[in-house]
J.: 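Before anything else, here's the structure in question.
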There are 2 protein chains.
Amino acid sequence: MELPGLSKGELVIAKLLCDRSPATVREIFESLPEDQPMDFATVQTYLRRLETKGYASSILESKTRIYSSKSQASSIVKRTVDELLSRLFGGSKMPLVRHLIEERSITSDELQELKELVDQLAEQKKTTAKSKQARKK
Amino acid sequence: MELPGLSKGELVIAKLLCDRSPATVREIFESLPEDQPMDFATVQTYLRRLETKGYASSILESKTRIYSSKSQASSIVKRTVDELLSRLFGGSKMPLVRHLIEERSITSDELQELKELVDQLAEQKKTTAKSKQARKK
DNA sequence: ATTGTACCAGTACAAATGTACTGGTAGCAA
DNA sequence: TTGCTACCAGTACATTTGTACTGGTACAAT
């Protein structure tokens, strides 16, 4: 069940749907960021296409169709990012990480957040290593 | 001079071109990752389109056309990542950073690299702050 | 009963995209 | 000089994408 890729436009709607699933066309329509408005009917079309592509399902609840996402936001994100990585960075992620935190100005808050993340990961790593050792893998 | 967006396919070629510019069609063709082969003529078409869109220029050097990228890889990357960020993460980058280092298994080496990066940034930040203070901005 | 109002399914359609064939030519091998 | 190669410009074309109109209908307000 290899889902077909999503176009740029579909992606926006897919993400919105994930975050609010289940939702009506109108709900999605209204949650559009106002910097890129879109016709109600256009949203409709995108949702229909998402369903066709297997990313969503829907039921007709007395006159109103309710769409539900069939995939987690995380999996859509993963898929999309994977594509990006393979297209631009030969599949490895560190170059992108670097790009994100080097080529763009980072705020102190973000830096702080990042630091915590790293510490946390390091901690986790240590634990994993230990338990591995314990199990004498 | 707002360059038009690049499609997924164009992006691959654009990146390849950036990395080797100037290059002939054949060179690009041969540097294609073998997991997604493509006809020579298709590469030709992509390059032509890149030129039309303003991302590349070319000259005919005695029977062979030589393409050069007109933009830095970094700016193409930036543009593409920006798009992704706005589409999937409301424009902020930390969620993507998080995704990259949390949702995907990270190796010790990568973690180490990340740690260094963070330290380096912290250092830089401190310096900046100081000089700002010195200048009594 | 009449008229809006919402929403739906279907259809439309130009532009962008992915992918490639073709006919022509210049240079080199035979 | 005759092919065979490489390469080029141009053209082709089915799909996908972006974007939206339409005609029909059910429910609500008049």
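On a predicted model such as this, the values are computed, not experimentally measured, just so you know. Just so we're on the same page: letters track the sequence lines, and every chain starts at 1. Because only heavy atoms are used, hydrogens play no part in the values below, and waters and symmetry mates are left out as well, while side chains stay in.
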J.: Out of dT17(C), dC21(C), dC8(D), which has the shortest distance to the side chain of Lys53(B)?
T.: dT17(C)

J.: Whole Å only: how far is the CD atom of Glu30(B) from the C1' atom of dA6(D)?
T.: 12 Å

J.: Ignoring backbone atoms, test whether Lys8(A) places a side-chain nitrogen or oxygen under 4.0 Å from the OP1 or OP2 oxygen of dT17(C).
T.: no

J.: In whole Å, I'd like the distance from the NZ atom of Lys63(B) to the C1' atom of dA9(D).
T.: 9 Å

J.: Do Ile66(B) and Leu16(B) land in one hydrophobic cluster if side-chain heavy atoms of ILVMFWY residues count as linked below 4.5 Å?
T.: no

J.: Any donor-acceptor pair under 3.5 Å joining the side chain of Thr45(B) to the base of dA20(C)?
T.: yes

J.: Under 4.0 Å: is that the gap between some side-chain N or O of Arg49(B) and OP1 or OP2 of dG18(C)?
T.: no

J.: Mind checking whether Leu50(B) and Leu6(B) have side chains closer than 4.5 Å, heavy atoms only?
T.: yes

J.: Check whether any side-chain N or O of Ser7(A) sits under 4.0 Å from OP1 or OP2 of dT16(D), and answer yes or no.
T.: no

J.: dC8(D) P sits how many Å from Tyr67(B) OH, rounded?
T.: 7 Å

J.: Are the side chains of Gln120(B) and Glu102(A) in contact, using a 4.5 Å heavy-atom criterion?
T.: yes

J.: Rounded to the nearest angstrom, tell me the gap between atom CD1 in Ile13(B) and atom P in dA20(C).
T.: 12 Å

J.: Salt-bridged, Glu103(B) to Lys78(A), with N to O below 4.0 Å?
T.: no

J.: How many whole angstroms separate atom CD of Gln44(A) from atom C1' of dT22(D)?
T.: 11 Å

J.: How long is the line joining CG of Leu11(B) and C1' of dG18(C), in whole Å?
T.: 14 Å

J.: Looking at Ser62(A) and dA26(D), is any side-chain donor or acceptor paired with a base atom of the opposite kind under 3.5 Å?
T.: no

J.: Would you call Tyr46(B) and Ile28(B) a side-chain contact if the rule is heavy atoms closer than 4.5 Å?
T.: no

J.: Give the nucleotide from the list dA20(D), dT19(C), dC8(C) with an atom nearest to the side chain of Thr42(B).
T.: dT19(C)

J.: Report the distance from atom CG of Leu47(A) to atom C1' of dC8(C), rounded to the nearest whole Å.
T.: 13 Å

J.: Report the distance from atom CZ of Arg48(B) to atom P of dA9(D), rounded to the nearest whole Å.
T.: 7 Å

